[in-house]
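Both counts, for ligands and for their atoms, begin at 1 and track the order of listing.
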Amino acid sequence: MTASQTPTKKRILTGDRPTGQLHLGHYVGSLQNRVKLQHEYETYILIADVQALTDNFETPEMLRANIREVVLDYLAVGLDPKLCAFVVQSLVPEIAELTIYYLNLVTLSRLERNPTVKDEMRQKGMGDDVRMGFLCYPISQVADITAFGAHLVPVGNDQRPMIEQTREIVQRFNQLYGEVLTLPDGLYGEFGRLPGTDGQAKMGKSLGNAISLADDEATVTKKVMSMFTDPNRIRGTEPGNIEGNPVFTYHDAFNPDKERVAELKELYQKGGAQENGKPILGDVQVKRELATVLNAFLEPMRQRRAEFARDSDYVWDVVRDGTARGRQCAGEVMEGVRSAMKIDYPIE
Ligand code: ATP
Ligand code: MG
């Protein structure tokens with residue numbers, strides 16, 4: 001087969017806000033799928049600094065350091081910069097341009113109905129101080145996805161409303177101007193949304209309840225030992241609840257020994273004391289085993305991260321190269337959009 005006959009790969013677009021180091025929630029929600037699919041798809045990974053500014057515009061200096069941290073996390077989990085373009089969002093002006101056009105295709109009430117945006121406003125205590133940039137960020141996400149002509153978007157399931165919004169706008173655009181935009185599908189981590197160490201429904205970088213992929217062994221152990229469990233189980237001899245108990249959720253997600261997990265669950269739910277009066281299975285034991293599992297899982301990542309961090313230029317080299325590839329791709333898509341909208345004026 002000659003190069004011109006090689007079937008072009010379908011594309012992936014996904015990304016993260018550079019608001020802190022990536023955590024276990026990112027791993028199960030999205031990173032795992034990215035690593036798996038990077039050989040099969042042409043992959044663009046957006047470092048969403050413009051979106052991060054929508055709720056951090058007063059502290060823009062945080063972005064630079066966090067871009068580096070996020071890229072080190074990508075390299076540590078095994079994303080290959082030759083297969084995946086790591087693209088800085090603010091350096092792709094086509095995304096801003098598309099956002100403006102798409103804003104005409106959505107109503108204010110539709111934006112206000114987005115359940116993820118509503119949750120985030122509440123979590124972040126925005127009250128009445130809701131900025132237009134924040135309310136409209138789902139539309140900027142539509143631009144992110146379509147600027148790269150993505151077919152597939154591997155994300156955590158908190159992003160479902162964003163994918164729905166994207167599909168609505170793509171369909172509306174194509175109906176109005178012609179079939180130019182690619183209609184994408186979401187791909188959600190099989191594990192759903194990972195709860196925080198505090199038992200909150202979501203582990204989040206900005207929520208202070210995350211175990212970061214880069215945390216050292218002692219930090220992981222400390223975070224696990226202070227985790228929320230079953231609030232009604234005062235003594236380890238009482239039967240405990242595993243539903244909504246994040247210690248067991250993490251065992252399910254990360255412990256490769258499924259038999260042991262089943263055994264732990266059974267003993268925990270039964271409760272009971274040994275002959276010396278001590279619990280058959282106390283919270284401390286379940287947590288100790290979890291800390292061991294998580295540390296074994298994270299150790300190879302920590303080692304890779306430390307290797308990549310040694311060369312201080314490497315991260316920026318990879319980002320420079322990925323952003324150039326991203327701009328090329330978005331530029332081509334933009335030409336099609338301008339032509340479909342008949343705003344490709346004959347002016348050089
Ligand atoms: P922030 O608190 O700044 O919003 P975040 O932790 O929510 O940060 P994002 O950068 O907003 O992280 O999300 C990046 C990707 O990771 C998205 O696809 C999101 O769905 C996924 N993700 C984030 N947190 C979780 C989680 N707890 N469980 C599963 N997926 C998650
Ligand atoms: Mg988020």
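Under the 6.0 Å distance and 45° angle rule, R160 counts as a cation-pi partner of Y188.
Aromatic pair Y268/F248: centroids less than 6.0 angstrom apart.
Among F297, F191, Y250, Y74, the single residue meeting the ring pair (Phe, Tyr, Trp, His ring centres under 6.0 Å) criterion with Y27 is F297. Among D321, V71, I67, the one residue that satisfies the side chain to side chain contact (heavy atoms under 4.5 Å, CB included) test with W316 is I67.
At a 4.0 Å heavy-atom cut-off, ligand 1 touches T19 through the side chain alone. If you look at E120 next to ligand 1, there are no close heavy atoms at all, none under 4.0 Å.
The nearest heavy-atom contact from the protein to atom 18 (O) of ligand 1 is G156 N, 3.2 Å. Shortest contact from atom 30 (N) of ligand 1 to any protein heavy atom: G25 O, 3.2 Å. Remark: minimum distance from atom 12 (O) of ligand 1 to any protein heavy atom is reached at H26 NE2, 2.8 Å. Residue, atom and distance of the protein heavy atom nearest to atom 20 (O) of ligand 1 are D158 OD1, 2.5 Å. Nearest to atom 14 (C) of ligand 1 among the protein's heavy atoms is D16 OD1, 3.2 Å. Closest protein heavy atom to atom 8 (O) of ligand 1: K205 NZ, 3.1 Å. For atom 24 (N) of ligand 1, the nearest protein heavy atom (residue, atom name, distance) is K202 NZ, 3.0 Å. With respect to atom 11 (O) of ligand 1, the closest heavy atom belonging to the protein is R17 CD, 3.3 Å.
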With side chain to side chain donor-acceptor pair (under 3.5 Å) as the test, would you mind laying out the steps for T219 and D216 before giving the verdict? CA-CA 5 Å; T219 307; D216 62 28; 2.6 Å; yes
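For ligand 1, the polar-atom distance check finds an N/O of H23 within less than 3.5 Å of one of the ligand's N/O atoms. For the pair L207 and ligand 1, the shortest N or O to N or O distance does not fall below 3.5 Å.
A donor-acceptor contact shorter than 3.5 Å links the side chain of S226 to the backbone of K223.
Close contacts of ligand 1 with G192, meaning ligand atoms under 4.0 Å from a residue heavy atom, involve 29 (C). Atom numbering of ligand 1 starts at 1 in the shown order; those under 4.0 Å from a heavy atom of M203 are 24 (N), 25 (C), 26 (C), 27 (N). Residue G204 approaches ligand 1 through these ligand atoms, each under 4.0 Å from one of its heavy atoms: 6 (O). Using a 4.0 Å cut-off to heavy atoms of V155, the atoms of ligand 1 that qualify are 18 (O). Within ligand 1, the atoms closer than 4.0 Å to a non-hydrogen atom of G29 are 29 (C), 30 (N), numbered from 1 in the order shown. Residue S206 approaches ligand 1 through these ligand atoms, each under 4.0 Å from one of its heavy atoms: 1 (P), 2 (O), 3 (O).
Ion pair D344/K342 not flagged as a salt bridge, since none of the NZ, NE, NH1 or NH2 atoms sits closer than 4.0 Å to an Asp/Glu carboxylate oxygen. Contact check on D283 versus K287 returns no salt bridge, with no Lys/Arg side-chain nitrogen under 4.0 Å from an Asp/Glu carboxylate oxygen. Using a 4.0 Å cut-off between a side-chain N of Lys or Arg and a carboxylate O of Asp or Glu, E69 and R64 do not qualify as a salt bridge. R172 has no carboxylate O lying under 4.0 Å from a charged side-chain N of E168, or vice versa, which leaves the two without a salt bridge.
Heavy-atom separations between G15 and ligand 1 include at least one value shorter than 4.0 Å.
Between the side chains of N241 and E243, no donor-acceptor pair is found at a separation under 3.5 Å. For the 3.5 Å distance criterion, the side chains of N245 and T229 fail to qualify, holding no donor opposite an acceptor.
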